[in-house]
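Data block below; observations after.
Naming: A, B, ... by sequence-line order, numbering from 1 per chain. Everything quoted here is computed from the prediction, not taken from an experiment.
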Protein chains: 2
Amino acid sequence: MGALFSPLTLESDDLHRLSEVVQKLAPLHKNQPVFHSGDTFTSIYAIRSGAIKSFCVSDDGTEQVTGFYLPGEIFGWDGIADNRHKNTALALGTTSICEIPFTKFEELSVTMPALQKHFMQLMAREISSDQRLITLLGKNSAKERIASLLLSLSDRLGRRRLSPTRFRLPMSRADIGNYLGLTVETVSRVFSRFQAIGLIKCDNKEIEILNLAGLSSLVQAHTEA
Amino acid sequence: MGALFSPLTLESDDLHRLSEVVQKLAPLHKNQPVFHSGDTFTSIYAIRSGAIKSFCVSDDGTEQVTGFYLPGEIFGWDGIADNRHKNTALALGTTSICEIPFTKFEELSVTMPALQKHFMQLMAREISSDQRLITLLGKNSAKERIASLLLSLSDRLGRRRLSPTRFRLPMSRADIGNYLGLTVETVSRVFSRFQAIGLIKCDNKEIEILNLAGLSSLVQAHTEA
DNA sequence: CGTATGTTTGACCGTCGTCAATTGTAGTGG
DNA sequence: CCACTACAATTGACGACGGTCAAACATACG
């Protein structure tokens with residue numbers, strides 16, 4: 001099964017060939033921005049360690065968290081549309097990232113048609129990821145949404161050879177609630193409930209998944225085929 | 001202000017140059033598919049008249065409406081990722097469309113770098129459109145969601161020189177509910193309520209917007225700057 | 001014309017948002 | 001190092017929005 005929310009990863013040979021144009025940046029510390037909404041779009045970024053959240057601000061000032069990014073994942077390629085970032089990207093803790101200048105990327109695309117197609121595929125993947133989130137928000141309860149997020153984080157950390165069952169949440173309850181369309185209180189309550197049922201063990205941001213199968217069964221639980 | 005949900009449109013010169021490779025297809029009638037989920041991806045499509053809905057089916061059989069497309073709008077370019085459509089596209093009524101073979105499109109891209117970039121912009125626009133829907137589903141009430149949809153339809157029809165205040169909804173209440181994460185009953189109730197307040201006049205699918213400003217004020221109404 | 005499908009409306013109730021208070025955590029300066 | 005403060009998280013009480021179940025009504029298609 002495909003993981004929900006899974007952003008792009010640096011896996012293909014094509015993208016490995018980008019390594020020559022990649023620049024390591026100085027480590028960011030908590031709440032430090034990679035770019036702001038409105039900034040000129042110049043680069044995309046890959047996370048080496050730490051975590052990033054991206055969010056956009058509506059006309060009325062409402063913030064919407066649009067994604068969480070973990071080590072190995074790529075972010076920052078919103079704003080291709082008009083060369084301006086629509087999201088703001090913030091470090092959720094001490095975070096080190098690589099910068100991939102987009103002009104270099106475009107130059108390579110000319111000589112490497114496969115790269116161009118590959119990039120379109122990456123964007124298409126983001127679209128289907130968004131559409132899974134839309135389904136989640138439209139049809140799933142608070143429990144199911146949070147279970148999905150925990151499973152996604154677990155899966156994505158596992159791919160990076162990190163523990164899929166014990167990890168530290170990089171984001172606040174408020175961020176989770178914002179992302180999943182829930183209030184802080186509801187997020188907190190669901191965490192408490194999950195712990196009471198023995199699905200997880202949870203000390204503030206320190207998470208241990210005790211019953212992975214149980215969590216999975218919670219997702220898509222109300223509509224069986 | 002930008003319209004919610006607004007899909008791609010055939011406006012640019014670049015895309016006009018595609019006209020030579022465009023093929024008109026025989027008119028579709030109601031519930032006839034353009035393509036099914038799983039079909040090989042070969043073309044994208046532009047609507048001449050009528051309307052299309054696209055939806056994808058989850059592992060558990062749940063359907064999720066992912067978009068409604070009106071005359072002048074482009075659809076069907078999901079599935080670029082793996083050359084297979086993830087959505088099914090159905091005619092909502094008698095509908096006539098054009099087919100734009102994607103191979104032709106890729107050939108043109110080589111000689112027209114601008115076209116390539118333009119296409120990426122189109123995809124990026126779809127992403128921000130999805131993210132607006134995510135915000136809507138996460139943070140807005142039933143009234144606000146439906147008001148947003150009505151305003152979007154109004155705006156999109158207006159761009160095509162059709163009446164922005166009197167039109168026929170091409171989709172069912174169930175489709176609307178599915179798209180907006182609501183039940184049929186709630187959709188129906190909100191329509192009734194809007195009519196009672198004098199925001200719209202509504203006879204089944206026949207809609208007349210009586211108070212456009214009133215509808216607009218309903219959107220983003222609960223969080224003022 | 002009749003049947004299937006779509007739409008409306010009502011009654012009921014569960015989930016989750018709101019308001020409020022308390023506790024826990026982290027960062028700062030004395 | 002500890003006190004102080006600001007912020008994050010938890011928990012409770014309460015109510016509203018919207019989902020569920022059910023029935024009546026309208027529409028459309030054969």
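Classified by interplanar angle (parallel below 30°, tilted 30° to 60°, perpendicular above 60°), the ring pair A:His85/A:Phe35 is parallel.
Listed nucleotides: C:dT8, D:dT27, D:dC29. Nearest to the side chain of B:Asp203: D:dT27. Nearest nucleotide to the side chain of A:Lys205, out of D:dA9, C:dA20, C:dT7: D:dA9. Comparing D:dT27, D:dG19, C:dG17 by their nearest atom to the side chain of B:Thr183 picks out D:dG19. Checking C:dT9, D:dG19, C:dC19 against the side-chain heavy atoms of B:Glu185 singles out C:dT9 as nearest. Minimum atom distance to the side chain of B:Ser188 is reached by C:dT7, of the listed D:dT11, C:dT7, D:dC29.
End-to-end axis angle of the helix from C:dC1-D:dG30 to C:dG30-D:dC1, using five pairs per end and rounding to 10°, comes to 50°.
Residue B:Arg145 places no side-chain atom within donor-acceptor reach of the base of D:dG18, judged by atom type and a 3.5 Å distance cut-off alone. With hydrogens and angles ignored, a donor-acceptor pair closer than 3.5 Å exists between the side chain of B:Arg189 and the base of D:dT20. For A:Arg193 and C:dT15, a side-chain-to-base donor-acceptor distance below 3.5 Å is absent, hydrogens and geometry of angles not being considered.
Looking only at distances, a side-chain donor or acceptor of B:Ser154 sits under 3.5 Å from a matching main-chain atom of B:Pro164.
Side-chain N/O atoms of B:Thr186 include one lying less than 4.0 angstrom from OP1 or OP2 on D:dG19. Contact annotation: B:Lys143 does not reach the phosphate of D:dG18 (side-chain N/O to OP1 or OP2, under 4.0 Å).
At a threshold of 4.0 angstrom between heavy atoms, the contacts of A:Gly177 with the nucleic acid are absent.
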